[in-house]
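For the numbers below, each heavy atom of this structure counts, side chains included, while hydrogens, waters and symmetry mates do not. So you know, we letter chains A, B, ... as the sequences are listed, proteins then strands, and number each from 1.
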Number of protein chains: 2
Amino acid sequence: MTNSNNRRQQLLEVAATCFYREGYDAASMRLIAEQAGMRTASIYYHFESKDALLVAVHEEALHRIQEAVNAALMDVKGEWNRLEAACAAHLEMLLTGGTFFKAVMRHVPSAVEGRELIFKLRDDYERIFADLIADLELSPETDRGTLRLMLLGAMNWTFTWWRPHEGPAPAVLAFRFVTNLRSCLDLPA
Amino acid sequence: MTNSNNRRQQLLEVAATCFYREGYDAASMRLIAEQAGMRTASIYYHFESKDALLVAVHEEALHRIQEAVNAALMDVKGEWNRLEAACAAHLEMLLTGGTFFKAVMRHVPSAVEGRELIFKLRDDYERIFADLIADLELSPETDRGTLRLMLLGAMNWTFTWWRPHEGPAPAVLAFRFVTNLRSCLDLPA
DNA sequence: AGTTTTCTAACGAACGTCCGTTATTGTAAC
DNA sequence: GTTACAATAACGGACGTTCGTTAGAAAACT
């Protein structure tokens, strides 16, 4: 039981890394198995298909990041501060929280069973940011939808260029992103 | 000769659409051929390999978008206005300029020959924005690198959610993106 | 306690399918 | 009749998946 869950978990981790590094199609079951130190057929004891493996990776990743962001939001006061805290947690997970979250950023081929579920999970998670932005006091001509997508775009794009020990730390990045928007969009007190 | 170039061009267009819609791996030569109305093997008269086809799509796309942005920049005065004009042209091409540019946004598998060339082409193009941002007069604590990546991220991420007849027009999007940053980062005159 | 049965976790081998690619042949135009 | 282009047919290999089997642990029964 415990051993089984450990193995399943390890398999999930390895699969996430492969999906991230190679993309879904190029991440073959043979590669995943090899990286996990088992034979290809043995994967099917833990997951019924490659598609199910991908869905499981997404479920795990989005569950974790949702919890991390919610935890980071506790006891933070002020609408802009809350947005920045959420961004920091988001970037922390995406850039330094393991390969799970980078795998989520990759393209999901149209033939994957469970594609709609994956999209739904993504949408559910992003609703956190819609709520945080809804709480901001903004000038009436500012479009909140565009603002949310702009911020999420800036954040999610980081995984294409950010490298450890090179770019700014995730928290610094979050500060800069939010600050670049904050002082100009915030209403004069 | 002319006929050949037409056919080659059509093939390129079809391939770009397939690469965008399915991703590189799932876009099989058989699918591309079918969509182009020819037999699979006939593609190899025009392109020596699938990898070469992908590289050609990237070359064409990045050449076109570079020209479009440069053209949009002619006769535009004012540093922020120039940045906005470049963003509008970039988004116009990405969102309504055909599938070429969306194909460029997709993941390039690590086994693709010419991968480095593709990355170099992308980097060369993005240098336009580095130059435009270098021209801005900003408060000294504003990091120009972060600003560039933030703006490019916001723009390039649009292709994951923007749909025709739904989201704001590309030019409107460009205006909002730049405006969200402009008034707060610009130095008081 | 000892025996029988069931479950866990993995194995090697194979299946049918699809992949990118090639050698060869056909055909239309100049 | 050569050249430009496209079609036929096939190749070797990789893919996801399924199969039958097995060693060992756990559970159930006697």
Worksheet item: Judged by atom type as modelled, is there a donor-acceptor pair below 3.5 Å linking the side chain of A/W80 to the main-chain atoms of A/T179?
Response: no
Polar atom pairs between nucleotides 24-29 of chain C and protein, under 3.5 Å, N or O only, would you list them?
none

Discussion item. Closer than 3.5 angstrom, by distance alone: can the side chain of A/R82 be matched with the main-chain N or O of A/V76 as a donor-acceptor pair?
Written reply: yes
Fill in: B/Y45 side chain near D/dA6 phosphate (N/O to OP1/OP2, under 4.0 Å)
no
Worksheet item: Can you tell me how far C1' of D/dC5 sits from CG of B/L11, to the nearest Å?
Response: 12 Å
Worksheet item: With a 4.0 Å cut-off, would you call A/E60 and A/R64 a salt bridge?
Response: yes
Worksheet, complete the sentence: Per-nt protein contacts along nucleotides 7-22 of chain D (heavy atom under 4.0 Å; B base, S backbone sugar-phosphate only, - none) come out as BBB-----BBBB----
Discussion item. Less than 4.0 angstrom between a side-chain N/O of B/H46 and OP1 or OP2 of D/dA4, yes or no?
Written reply: no
Practice prompt. Starting at atom CZ of B/F47, determine the distance to atom C1' of C/dT22, rounded to an integer number of angstrom.
Written response: 18 Å
Let me have the donor-acceptor pairs involving side chains of residues 109-121 of chain B, under 3.5 Å, with sequence neighbours excluded, atom names and distances please.
residue	atom	partner	partner atom	Å
B/S110	OG	A/E22	OE1	3.1
B/R115	NE	B/V108	O	2.9
B/R115	NE	B/P109	O	3.1
B/R115	NH2	B/V108	O	3.0
B/K120	NZ	B/D124	OD2	2.8

Practice prompt. Ignoring hydrogens and angles, tell me if any N or O in the side chain of A/T96 forms a donor-acceptor pair with the backbone of A/E92 under 3.5 Å.
Written response: yes
Discussion item. Has B/S42 got a side-chain atom pairing as donor or acceptor with B/M38's backbone, closer than 3.5 angstrom?
Written reply: no
Fill in: A/H90 and its ring pair (Phe, Tyr, Trp, His ring centres under 6.0 Å) partner, picked from A/F177, A/Y125, A/F159
A/Y125
Worksheet entry | B/Y24 six-ring face occupied by B/K50 cation (under 6.0 Å, within 45°) | yes
Worksheet item: Could you give the CD-to-P distance, from B/E22 to C/dC19, as a whole number of Å?
Response: 11 Å
